[in-house]
Amino acid sequence: MNTKESLVSDLKSESILITGGSGFLGRRVVQLLSDHGFNIEIFNGQSGKIGHAYVNRSLVFDLTSEFSVKKVFEKLNPSMVIHMAAAVGGIGANQNTPAEFFYKNAMMGMLCQEYARRVGVRKFVAIGTVCSYPKHTSTPFNESDIWNGYPEETNAAYGIAKKTLLVQSQAYRQQYGFNGIHLLPANLYGPQDNFDELTSHVIPAIIKKVYEAKLNKSSEILIWGDGTPTREFLYVDDAAEGILLAASRYNGESPLNLGSGIEISIGDLTKKICGLMDYNGNITFDTSKPNGQMKRRLDISKAALLLGFQATTEIDVGLKNTINWFVNSRSIPKDI
């Protein structure tokens with residue numbers, strides 16, 4: 001029995017509530033469960049059944065509302081929760097709406113964990129963020145580094161809101177015996193990512209800039225920062241597998257990193273995307289814009305040891321898949 005079949009088999013006795021299941025990462029988790037025989041239903045206020053995954057959509061149930069959260073948990077009474085609902089964005093979005101990012105992420109997570117506890121959920125899987133790590137952490141970031149300083153300022157509100165959920169799960173474990181786990185994925189990317197210029201992360205932002213430069217026959221693209229910061233990227237399908245492995249196999253109180261273990265500078269990433277998209281224009285770095293945290297790479301040894309998790313999608317393959325999806329999703333001709 002292969003890894004994916006085994007992990008879904010382990011979960012078949014669960015009634016799983018998936019928050020954020022219609023989002024970028026959530027869709028992949030839902031699809032992976034569906035591909036291996038799970039019954040997927042949009043939560044409609046009925047009681048849950050084992051072998052089912054119930055997807056919450058924010059347009060139906062607002063998870064920042066205690067009334068809505070109470071209704072979801074009391075009606076469904078799930079045995080497991082995979083909490084992926086989040087307000088997310090790149091550096092610009094974090095700078096423009098830090099209060100919104102803090103409030104929404106903290107409220108959704110705290111309410112969902114509290115009502116999971118109240119109805120006796122067996123396991124709560126919270127998806128945190130690499131942004132929770134301190135600004136000056138040495139690479140690779142080990143899980144034990146999580147409290148060794150303040151996060152990078154441009155995304156501190158988001159990172160701290162997510163880290164609050166780790167504190168909550170550990171406090172609930174201590175007082176109530178609540179089995180909450182906290183996962184820290186690297187920067188995610190892949191097809192169906194958010195390409196909105198105001199809220200997107202770095203990979204979709206660069207892809208869109210290059211695409212529009214080709215379309216408009218522009219000889220230059222402008223990239224935030226000086227190009228020297230480094231990032232680790234995790235393909236969304238690999239992240240989904242890591243999450244389900246953790247849901248099946250990890251029960252520890254400490255956070256758990258999920259990553260590829262490969263670091264690349266923003267400058268080199270931009271050149272790589274330009275090459276894959278056959279763009280020969282100039283790359284200009286706008287040093288009036290923030291770099292963000294200078295280095296990010298996770299220590300992924302714990303997930304490899306405890307879960308047998310290893311990301312398998314090479315960045316060139318993942319970027320090609322992402323670029324192809326974006327180009328094919330445009331209504332204008334592809335051969336620009």
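We count residues from 1, following the sequence as given. These numbers come from the heavy atoms of this one structure, side chains and all, not from hydrogens, waters or symmetry mates.
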Pair Y189 + Y235: ring centers closer than 6.0 Å: yes
Pair E14 + R122, salt bridge at N-O below 4.0 Å: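 The answer is yes: the pair qualifies as a salt bridge.
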Salt-bridge contact E66-K70 (side-chain N to carboxylate O under 4.0 Å): no
Any donor-acceptor pair under 3.5 Å from E263 side chain to R297 backbone: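 No, because the side chain of E263 does not come within donor-acceptor range (under 3.5 Å) of the backbone of R297.
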Side-chain donor or acceptor of N291 paired with backbone N/O of D226 under 3.5 Å: yes
Of all pairs that satisfy side-chain hydrogen bond (donor to acceptor under 3.5 Å, both in side chains), the ones with a partner from residues 269-279, not counting sequence neighbours: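 Applying side-chain hydrogen bond (donor to acceptor under 3.5 Å, both in side chains) to every pair that reaches into residues 269-279, excluding sequence neighbours, yields K272-D316.
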Cation over ring face, R117 and F178, 6.0 Å, 45°: no
cation_pi(K320, W325) dist<6.0 Å, angle<=45: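 No; the conditions do not both hold, so K320 does not lie above the ring face of W325.
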Residue pair Y211 / M277, side-chain heavy-atom distance below 4.5 Å: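 The answer is yes; the side chains approach within 4.5 Å.
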Side-chain heavy-atom pair I283, L222 within 4.5 angstrom cut-off: no
Residue pair E114 / Y172, side-chain donor-acceptor N/O under 3.5 Å: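 A donor-acceptor contact under 3.5 Å links the two side chains.
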Nearest heavy atoms of M84 and G26, plus distance in Å: CE-CA, 3.6 Å
